[in-house]
Asks: 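Could you have a look at this structure, given as structure tokens, before my questions?
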Amino acid sequence: RMLKGLTLQDGPLDLILTLDPPNPDGTQTAAIKTKDDPKRTRYKANIRYGDPQKGPLAAHALVGDHGAPTGWREGPGMTEIYRKWLSHGPKFQTLDRILSVSPLLVIAQAHGTTPQELVPASPQARWDFDPALIDGLAQTVWIWARKVQGATVLPLGLKSARRFDGDALDGPLTVHCDVISDPADPSSVSDIKVYDARGRLCYRLEEFRGQSSAALNRLGGGWQGGEMTPADTTAEG
């Protein structure tokens, strides 16, 4: 859950990560605070440890080269989407292609990352949870909101982020984002899955919640290679 959140206006922040003793149900509660305000919790989560579970295989139609589905042929490509709609720099640009966007569904292609692409790490190191890819899954909701609602989504929280036995480095990956709330509701709820090239489930973000507003469109392009367009508050197509 995002509570207060973090604002990086004046450079980096020193963070405090706390991990409580195990709860009776086997989870552990983790919280993030800032060093200059250690009493206020910014983010909070319950963590459950376990081996990756065997996930279901993707439907055949979700795996492989989909071509350019009707409904997105005239939509912007990922280069333009990152430049104008999203605010994620190169290391978090893990979406490669948008295949389809409708009022209740986004299908995209993506790729996983290795730790050494983001931080100093051994070439043999592998993520338990790939932060750049998981961020890319959430980006599909941002794209959906721009296309369907003409707005931008602020992430608020999710029920769970779960890892399965799929290999996120076995790409291309297929992202399947189901919007389970009313498409007109600014308080959106989505269920997001990503499958590897063999159709095995890699990750699932369950009940990903966000709040959309056209006023947040000003965040689009807010990175060094982006193109900010504050006046753009209309739906694309």
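For the single chain, residues carry numbers from 1 onward in sequence order. All of these numbers come straight from a predicted model, not from anything done at the bench. Only heavy atoms go into these numbers, but all of them, side chains included; no hydrogens, no water, no symmetry mates.
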Asks: ring-ring contact (aromatic ring centres under 6.0 Å, His included): which pairs involve residues 100-138, sequence neighbours left out?
Replies: Phe129-Tyr203
Asks: Nearest 0.5 angstrom please: Leu216 CG to Ser87 OG, how far?
Replies: 10.0 Å
Asks: Are any non-hydrogen side-chain atoms of Ser102 and Trp144 less than 4.5 angstrom apart?
Replies: no
Asks: Apart from Leu3 itself, which Ile, Leu, Val, Met, Phe, Trp or Tyr residues share its cluster (side-chain heavy atoms under 4.5 Å, direct or through members)?
Replies: none
Asks: Leu201 and Gly55: which non-hydrogen atoms are nearest, and at how many Å?
Replies: CB-CA, 4.1 Å
Asks: Are Ile134 and Val119 grouped together when hydrophobic residues (ILVMFWY) are joined by side-chain heavy atoms under 4.5 angstrom apart?
Replies: no
Asks: Decide side chain to side chain contact (heavy atoms under 4.5 Å, CB included) for Lys193 and Tyr195; before the verdict, give the C-alpha distance in whole Å, the side-chain angles of both, and the deciding distance to 0.1 Å.
Replies: CA-CA 7 Å; Lys193 304 181 184 74; Tyr195 300 88; 3.2 Å; yes
Asks: Checking Glu117 now: which residues fulfil salt bridge (charged side-chain N to carboxylate O under 4.0 Å, His left out) with it, not counting sequence neighbours?
Replies: none
Asks: So which pairs with a foot in residues 129-141 pass salt bridge (charged side-chain N to carboxylate O under 4.0 Å, His left out), sequence neighbours left out?
Replies: none
Asks: Report the residues that fulfil ring-ring contact (aromatic ring centres under 6.0 Å, His included) with Trp142, sequence neighbours left out, ordered by chain and then residue number.
Replies: His88
Asks: Can you list, by chain and residue number, the hydrophobic cluster partners of Val189 when the side-chain cut-off is 4.5 Å?
Replies: Ile180
Asks: Are Arg163 and Asp128 packed together at the side-chain level, in the sense that at least one heavy-atom pair is separated by less than 4.5 angstrom?
Replies: yes
Asks: Going by atom type alone, with no hydrogens or angles, which donor-acceptor pairs under 3.5 Å involve a side-chain atom of residues 36-45 and a protein atom two or more places apart or on another chain?
Replies:
unit_1, atom_1, unit_2, atom_2, d
Asp36, OD1, Thr34, OG1, 2.7
Arg42, NH1, Gly5, O, 3.1
Arg42, NH2, Thr34, OG1, 3.3

Asks: Using every non-hydrogen atom in the two residues, find where Leu205 and Ala138 come nearest and quote the distance to one decimal.
Replies: CD1-N, 4.4 Å
Asks: Identify, with sequence neighbours excluded, every residue that meets side chain to side chain contact (heavy atoms under 4.5 Å, CB included) alongside Pro186.
Replies: Gln211, Ser212
Asks: Could you go through Leu86 and Arg146, starting from their C-alpha distance and side-chain angles, then the distance that decides it, and tell me whether this counts as side chain to side chain contact (heavy atoms under 4.5 Å, CB included)?
Replies: CA-CA 10 Å; Leu86 305 181; Arg146 285 300 303 258; over 6 Å; no
Asks: Can you measure from CE (Met78) to CD (Gln109) and round to the nearest 0.5 angstrom?
Replies: 11.5 Å
Asks: Residues in salt bridge (charged side-chain N to carboxylate O under 4.0 Å, His left out) with Glu227, at least two apart?
Replies: Arg83
Asks: Quick check: are there more than 12 heavy atoms from other residues, nucleotides or ligands sitting under 6.0 Å from CZ of Arg48?
Replies: yes
Asks: About how many Å separate CZ of Arg200 and CG of Leu173, when rounded to the nearest 0.5 Å?
Replies: 11.0 Å
Asks: Could you pull out all residues at least two apart from Asp185 that satisfy salt bridge (charged side-chain N to carboxylate O under 4.0 Å, His left out)?
Replies: none
Asks: Just by distance, do the side chain of Asp165 and the backbone of Cys202 share a donor-acceptor pair under 3.5 Å?
Replies: no
Asks: Are Thr94 and Thr113 side-chain neighbours, meaning at least one heavy-atom pair lies under 4.5 Å?
Replies: yes
Asks: Check salt bridge (charged side-chain N to carboxylate O under 4.0 Å, His left out) between Arg162 and all other residues, then give those that pass, not counting sequence neighbours.
Replies: none
Asks: For the backbone of Gln124 and the side chain of Gln116, can you confirm whether one donor and one acceptor N or O come within less than 3.5 Å of each other?
Replies: no
Asks: Side chains of Trp223 and Pro90: closer than 4.5 Å at any heavy-atom pair?
Replies: yes
Asks: Taking all non-hydrogen atoms of both residues into account, name the closest pair between Tyr82 and Leu95 and its distance.
Replies: OH-N, 3.1 Å
Asks: Keeping the roles fixed (side chain from Thr29, backbone from Asp20), state whether a donor-acceptor pair exists under 3.5 Å.
Replies: no
Asks: For residues Leu104 and Ser181, report the shortest heavy-atom separation together with the two atoms involved.
Replies: CD2-O, 3.7 Å
Asks: Which atom names give the shortest non-hydrogen contact between Pro115 and Ala121, and what distance separates them?
Replies: CB-CB, 3.8 Å
Asks: Return yes if some donor-acceptor pair links the side-chain N/O of Asp178 with the main-chain N/O of Leu105 below 3.5 Å, else return no.
Replies: no
Asks: Using atom types as modelled and distance alone, determine if a side-chain donor or acceptor of Asp196 lies under 3.5 Å from a backbone N or O of Ala168.
Replies: no
Asks: What closest approach, in Å, do Gly112 and Leu169 show between heavy atoms, and which atom pair accounts for it?
Replies: C-CD2, 3.9 Å
Asks: Look up atom SG in Cys177 and atom CD1 in Ile143, then write down how far apart they are to the nearest 0.5 Å.
Replies: 9.5 Å
Asks: Verify side chain to side chain contact (heavy atoms under 4.5 Å, CB included) between Asp191 and Glu207, making sure each step is shown before the conclusion.
Replies: CA-CA 5 Å; Asp191 189 273; Glu207 295 184 19; 5.7 Å; no
Asks: Using 0.5 Å steps for rounding, measure from the CZ atom of Arg209 to the OG atom of Ser190.
Replies: 11.5 Å
Asks: Checking the side chain of Asp25 only, and the main-chain atoms of Thr27 only, is there a donor and an acceptor separated by less than 3.5 Å?
Replies: yes
Asks: Could you tell me whether the side chain of Leu118 reaches within less than 4.5 Å of the side chain of Phe92, counting heavy atoms only?
Replies: yes
Asks: Side-chain contact, heavy-atom cut-off 4.5 Å: Ile16 with Ile32?
Replies: no
Asks: Salt bridge check: are Arg198 and Asp170 linked by an N-O gap of less than 4.0 Å?
Replies: yes
Asks: Cluster partners of Tyr49, using ILVMFWY side-chain heavy atoms under 4.5 angstrom, listed by chain and number?
Replies: Leu19, Ile47
Asks: His176 and side chain to side chain contact (heavy atoms under 4.5 Å, CB included): which partner among Ile107, Val106, Val194?
Replies: Ile107
Asks: Quick check for you: to the nearest 0.5 Å, what is the distance between Gln93 atom CD and Ile81 atom CD1?
Replies: 11.0 Å
Asks: Side chain to side chain contact (heavy atoms under 4.5 Å, CB included) between Leu15 and Leu6: does it pass, once the steps are laid out?
Replies: CA-CA 10 Å; Leu15 303 180; Leu6 295 171; 4.1 Å; yes
